[in-house]
There are 2 protein chains.
Amino acid sequence: MRYAVYISKERLAAQSRTDFDAFMATCPTRQVVSTLGDKWAGLVVNALAGGPKRHGELMRRINGASQKMLTHTLRTLERDGLVSRSVTPTVPMRVDYELTALGRDVLPVLAALKAWSEAHIMEVLEARDSYDAARAMGETPN
Amino acid sequence: MRYAVYISKERLAAQSRTDFDAFMATCPTRQVVSTLGDKWAGLVVNALAGGPKRHGELMRRINGASQKMLTHTLRTLERDGLVSRSVTPTVPMRVDYELTALGRDVLPVLAALKAWSEAHIMEVLEARDSYDAARAMGETPN
DNA sequence: CAGTATCCACCAGGATACTG
DNA sequence: CAGTATCCTGGTGGATACTG
């Protein structure tokens, strides 16, 4: 997910429902997944589920994200209307990020994704192991 | 979603639950999303929801995917145990792809994602519009 | 028909250094 | 503190041509 295929909402509204399957470029699901699927977005949204957080808090909480990517992820989420950004112009400045109503609305979906992943990750990993093992030796899938 | 960060299931099992939030590299959700989020995977799984399909059928159905990416997507899904591949060695050969039990199990999650996307895509697009409009003119977020 | 092989463009994302 | 700027890499994914 990672293609910036943005179409106008006018054009989208003009499309028939069946076109969604035919042309993925304009598929709403892909547009959403391309944001939510990007490496850190899910983590950030989850981190913000507990309430507003400052930039630094998120940095410490996410662990592994560079400021660049954290900032970029926050910008994308803000642009998509899932997160709001509020600046307090003190010195040093203070910036708080918070989920919008739309952002809070995604939480259940993310939770469902997370629940499924945790419930089935072992099966997936085992499938990978046996698949890889089969190729490793001379093509004997057993 | 797109980083091949694969860890052994032994190592995963050894981790405490809290580590999942701290180190995304081993986060089950990310592992699953990195497969499902990749450009065509969702479309393919959805296309297979209606029953087994041949390679050519999928090509025509997905519309826009190159054979390379379709094949690659199918291989990844097969490796992850979501799709099974069966070859009939006739001339010309015939290959059928089918969702496994695990694959069918993801459908509800995908459906939830799709439902949310279609329900809220307009809000997202509008948010993008006003965000972009605000930057376009001299920084007047209104 | 169902792939594989090769070449190539693009951009996500990391590292590092600097600013208001 | 919260960013921006720059450089650099590796992987994704498209186009095209070829094979069993």
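Keep in mind the model is a prediction, meaning the values are calculated, not measured. A note on names: the letters A, B, ... follow the listed sequences, proteins ahead of strands, and every chain is numbered from 1. Only heavy atoms go into these numbers, but all of them, side chains included; no hydrogens, no water, no symmetry mates.
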Novice: For the pair made of NZ in A/Lys53 and P in D/dC1, what is the distance, rounded to whole Å?
Specialist: 17 Å

Novice: In whole Å, I'd like the distance from the CG atom of B/Leu58 to the P atom of C/dC1.
Specialist: 13 Å

Novice: Start at the 5' end of DNA chain C and walk down; is the nucleotide closest to A/Pro92 or to A/His72 reached first?
Specialist: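 Per heavy-atom nearest nucleotide, the more 5' residue is A/His72.
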
Novice: A/Tyr97 has a side chain; which of D/dG14, C/dG3, D/dG3 sits nearest to it?
Specialist: D/dG3

Novice: Using Watson-Crick or G-U wobble geometry with both distances below 3.5 Å, tell me the partner of D/dA2, or none.
Specialist: C/dT19

Novice: Applying a strict under-4.5 Å side-chain criterion to I, L, V, M, F, W and Y, I'd like to know whether A/Tyr131 and B/Val87 cluster together.
Specialist: no

Novice: How many Å lie between CZ on A/Arg54 and C1' on D/dG3, as a whole number?
Specialist: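 To the nearest whole Å, that distance equals 13 Å.
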
Novice: For the residue pair A/Asp105 and A/Pro108, what are the closest heavy atoms and their distance?
Specialist: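 What the structure gives for the nearest pair is O-CD, 3.3 Å.
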
Novice: Can you find an N or O donor on one side and an acceptor on the other, under 3.5 Å apart, linking the side chain of A/Lys68 with the base of C/dG14?
Specialist: yes

Novice: Calculate the interatomic distance between B/Met93 atom CE and D/dG20 atom P; express it in whole Å.
Specialist: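 Between P of D/dG20 and CE of B/Met93: 13 Å.
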
Novice: Tell me: NZ of A/Lys39 to C1' of D/dT9, nearest whole Å?
Specialist: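 About 13 Å, once rounded to whole Å.
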
Novice: Closest approach of A/Thr100 and A/Gly81, non-hydrogen atoms and distance?
Specialist: OG1-O, 2.6 Å

Novice: Using purine N1 to pyrimidine N3 plus N6-O4 or O6-N4 for Watson-Crick, or N1-O2 and O6-N3 for G-U wobble, each under 3.5 Å, what pairs with D/dG14?
Specialist: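 Pairing partner, where one exists within any strand: C/dC7.
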
Novice: Could you please name the option among C/dC1, D/dG3, C/dG3 that lies closest to any side-chain atom of A/Gln67?
Specialist: D/dG3

Novice: Which nucleotide wins on minimum distance to the side chain of A/Thr71, given the candidates D/dC1, D/dT4, C/dT4?
Specialist: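 Within the option list, the nearest is D/dT4.
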
Novice: Starting from C1' on C/dT6, measure out to CE on B/Met69 and report it in whole angstrom.
Specialist: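 It is 16 Å, rounded to the nearest whole Å.
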
Novice: Distance check needed: D/dT12 P versus A/Asp38 CG, whole Å only.
Specialist: 13 Å

Novice: Can you measure A/Arg60 atom CZ to D/dA2 atom C1' for me and round it to whole angstrom units?
Specialist: 12 Å

Novice: Compute whether any side-chain donor of one residue and acceptor of the other, for B/Asp80 and B/Thr35, lie under 3.5 angstrom apart.
Specialist: yes

Novice: Do the side-chain N or O atoms of A/Arg75 get closer than 4.0 angstrom to the phosphate oxygens (OP1, OP2) of D/dT4?
Specialist: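 For D/dT4, OP1 or OP2 has a side-chain N or O of A/Arg75 closer than 4.0 Å.
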
Novice: Check whether any side-chain N or O of B/Arg85 sits under 4.0 Å from OP1 or OP2 of C/dA2, and answer yes or no.
Specialist: no

Novice: With side chains defined as the heavy atoms from C-beta onward, is the minimum distance between A/Arg85 and A/Tyr97 less than 4.5 Å?
Specialist: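 A side-chain contact under 4.5 Å exists here.
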
